Every structure is written in C-alpha cells, then in structure tokens.
Amino acid sequence: MKKFLAVVFLSVVFVLPAAAAEKKFDIVAKGGLYASPYLNLNNNIFDVDLGYSLGAELFWYKWEKTALGLGVDHLFNTDIENTGQKISLTNAYLALKYKWLTFEDKEINSVYLLGQAGLSTADIDLIDAKNLAGICLGGGIGIEANHLIVEVLYTLANWVITDNDAGYTRGFLYSLKLNLGVKFSI
C-alpha cells in the first residue's frame with residue numbers, strides 16, 4: 001500500500017505541474033439537487049424529500065475530447081418522508097467525460113456525456129448500522145457555457161447493510177440529479 005501511495009504522490013508531484021502548464025486540467029465545483037429521490041430498503045420503498053448536495057471534481061484531458069476524473073459529492077441530511085428520519089450520503093468516484101458536441105465562438109462551448117462509478121457511504125437514521133457502504137453509479141449529460149456547467153444525471157447508490165437491528169440487508173437510493181457548477185482550467 002505504501003508503494004502505491006508513493007507512486008500516486010510522485011505522479012501528482014511531477015505530472016500535475018507539467019500537464020497544468022498545457023491547461024489540461026479542469027476543476028469543477030458544483031451544487032446539486034436530488035430532484036426525485038427514493039430509498040429502497042429490502043424492497044420497502046420510502047420517498048425522500050428534495051436533497052441538496054455539494055461536490056467537486058478534477059478532470060484530466062488525456063485526449064482532446066475525453067477526460068478522466070476524480071470526484072466527491074455529499075448529500076446533506078434530507079428527510080425520509082412520513083418517518084421523521086433523515087438520510088445523508090457521500091460518494092467518491094472516478095468519472096469519464098466525453099465532449100460529444102463542441103461549438104466555436106458560441107455561448108455554449110460543449111455538450112458532454114458523463115459517467116461516474118465509485119464508493120458510497122451513507123447514514124440513514126432508520127438503520128442503526130455500523131457498516132453502511134457500497135457503490136455509486138451515475139450517468140448523464142451536461143452543458144458547458146464559458147465557466148458554467150449544467151448537468152442532468154441519473155444516480156444510484158447501493159449499500160450492503162450489516163450489524164443492524166432493523167433486519168435490512170440491502171439499501172438503494174435512486175435519483176434524478178440536477179447540478180449547477182463553475183469550472184476552472186489549469
């Protein structure tokens with residue numbers, strides 16, 4: 001593990017400044033709205049109120065139209081309807097961004113496709129679980145206009161639930177997500 005971390009550190013120290021000189025990196029800060037979320041616990045469906053999230057991404061344009069990225073997104077405490085309970089979650093993911101359409105000298109710079117896959121941790125008041133971790137997936141479309149972005153994504157977080165009194169073994173949070181953000185190129 002130490003060797004892996006050393007390789008990652010050296011890569012960041014030597015590759016990041018060289019690539020940054022060529023403006024191959026984008027840093028994105030964004031806020032999102034989980035527009036139609038619902039929670040599935042062992043096929044027991046719970047509606048969830050609109051949820052707000054904050055996130056950040058770093059994209060590296062290895063190829064002209066395709067970027068590899070790392071991201072994190074946190075959904076703040078959101079009410080689970082008719083239960084008096086709350087849910088919050090954090091997703092850390094790898095991303096792939098493809099500039100599907102690009103425009104020169106237009107208000108809109110590009111239309112892109114975005115895919116995400118990573119790890120998800122959650123805190124659900126309905127479940128007193130010690131380990132609530134799993135995977136997250138997302139996919140959708142976005143628009144870049146100068147330094148602004150707008151995205152529409154479909155997201156899924158899936159957890160394995162252990163050590164709990166409620167008897168749940170699986171949890172899913174499905175949602176349509178709308179993001180607004182600001183992009184900086186370095």
Side-chain angles (χ1 to χ4, degrees), residues 26-60 66-100 111-144 148-183:
D26 284 347
I27 297 173
V28 179
K30 57 184 167 183
L33 174 68
Y34 280 72
S36 59
Y38 70 91
L39 178 64
N40 180 336
L41 297 172
N42 287 7
N43 294 323
N44 295 314
I45 307 298
F46 300 92
D47 287 328
V48 179
D49 287 344
L50 293 176
Y52 302 97
S53 69
L54 288 177
E57 296 172 328
L58 172 68
F59 286 102
W60 174 37
T66 306
L68 302 172
L70 297 171
V72 65
D73 185 68
H74 180 74
L75 170 67
F76 293 93
N77 278 342
T78 303
D79 290 329
I80 302 170
E81 290 182 1
N82 303 320
T83 65
Q85 306 294 315
K86 294 188 179 286
I87 180 174
S88 65
L89 67 95
T90 301
N91 296 330
Y93 52 85
L94 297 173
L96 185 64
K97 182 177 181 180
Y98 175 71
K99 289 187 178 181
W100 181 33
V111 176
Y112 59 88
L113 303 176
L114 182 65
Q116 303 169 340
L119 301 174
S120 177
T121 60
D123 182 16
I124 302 174
D125 289 346
L126 282 170
I127 303 167
D128 184 21
K130 294 181 179 138
N131 180 15
L132 194 52
I135 63 167
C136 62
L137 300 170
I141 191 165
I143 296 172
E144 290 180 353
L148 301 176
I149 64 150
V150 177
E151 296 174 342
V152 177
L153 301 171
Y154 184 76
T155 63
L156 161 70
N158 172 12
W159 317 284
V160 174
I161 304 167
T162 59
D163 298 330
N164 70 81
D165 297 330
Y168 297 118
T169 58
R170 276 280 203 235
F172 300 90
L173 181 72
Y174 302 91
S175 182
L176 182 64
K177 189 162 182 271
L178 306 171
N179 288 325
L180 295 175
V182 180
K183 176 190 79 160

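All values derive from a computational prediction rather than experimental measurement.
- If you take OH on Tyr98 and CG on Leu114, they are separated by 14.0 Å, rounding to the nearest 0.5 Å.
- Between Ala56 and Tyr93 the shortest heavy-atom distance is O-OH, 4.5 Å.
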Show your working on side-chain contact (heavy atoms from CB on, under 4.5 Å) between Ile141 and Val111 and close with a plain yes or no.
-> CA-CA 7 Å; Ile141 191 165; Val111 176; 3.8 Å; yes

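- In terms of the side-chain hydrogen bond (donor to acceptor under 3.5 Å, both in side chains) criterion, residue partners of Tyr112 (sequence neighbours excluded) are, by chain and number, Glu151.
- Summarising the geometry of Ala35 relative to Leu50, their closest heavy-atom pair is O-CD2, 3.1 Å, with the distance given to 0.1 Å.
- Taken from CG in Leu58 to CD1 in Ile27, the straight-line distance is 6.0 Å, to the nearest 0.5 Å.
- Taking all atoms of both residues into account, the shortest heavy-atom contact from Leu119 to Cys136 is O-SG, 3.7 Å.
- Looking only at side-chain heavy atoms (C-beta outward), Leu68 and Leu96 come within less than 4.5 Å of each other.
- The structure places CG of Asp123 at 9.5 Å from OG1 of Thr90, a figure rounded to the nearest 0.5 Å.
- The minimum heavy-atom distance between Ser175 and Tyr34, with the atom names listed, is OG-CD2, 3.3 Å.
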Verify side-chain contact (heavy atoms from CB on, under 4.5 Å) between Thr169 and Ile161, making sure each step is shown before the conclusion.
-> CA-CA 5 Å; Thr169 58; Ile161 304 167; 5.6 Å; no

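- Rounded to the nearest 0.5 Å, atoms CD1 (Ile124) and CD1 (Ile87) are 4.0 Å apart.
- Between Trp159 and Thr121, the shortest heavy-atom contact is NE1-C, 4.2 Å.
- Contact detail for Leu137 and Ala117: the closest heavy-atom pair is CD2-CB, 3.8 Å.
- Put simply, CD1 on Ile149 and CG on Leu180 are 8.0 Å apart, with the number rounded to the nearest 0.5 Å.
- Within the structure, every pair that satisfies the salt bridge (Lys or Arg N to Asp or Glu O under 4.0 Å) test and touches residues 45-60, not counting sequence neighbours, is listed here: Lys30-Glu57.
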For Ile80 and Asp125, run side-chain contact (heavy atoms from CB on, under 4.5 Å): C-alpha distance rounded to whole Å, both residues' side-chain angles, the deciding distance at 0.1 Å, then the answer.
-> CA-CA 9 Å; Ile80 302 170; Asp125 289 346; 6.0 Å; no

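- Put simply, the side chain of Asn42 gets close to the backbone of Arg170: a donor and an acceptor are under 3.5 Å apart.
- Formation of a donor-acceptor pair under 3.5 Å by the His74 side chain with backbone atoms of Gly55 is not found in this model.
- Proximity of Tyr174 to Tyr154: side-chain heavy atoms (C-beta onward) are separated by under 4.5 Å at one or more points.
- With a 6.0 Å radius and a threshold of 12 heavy atoms from other residues, nucleotides or ligands, Phe76 has its CZ atom above the threshold.
- Annotation: salt bridge (Lys or Arg N to Asp or Glu O under 4.0 Å) contacts involving residues 70-93, sequence neighbours excluded, comprise Asp73-Lys177, Asp79-Lys86.
- If you take CG on Leu173 and CG on Asn91, they are separated by 9.0 Å, rounding to the nearest 0.5 Å.
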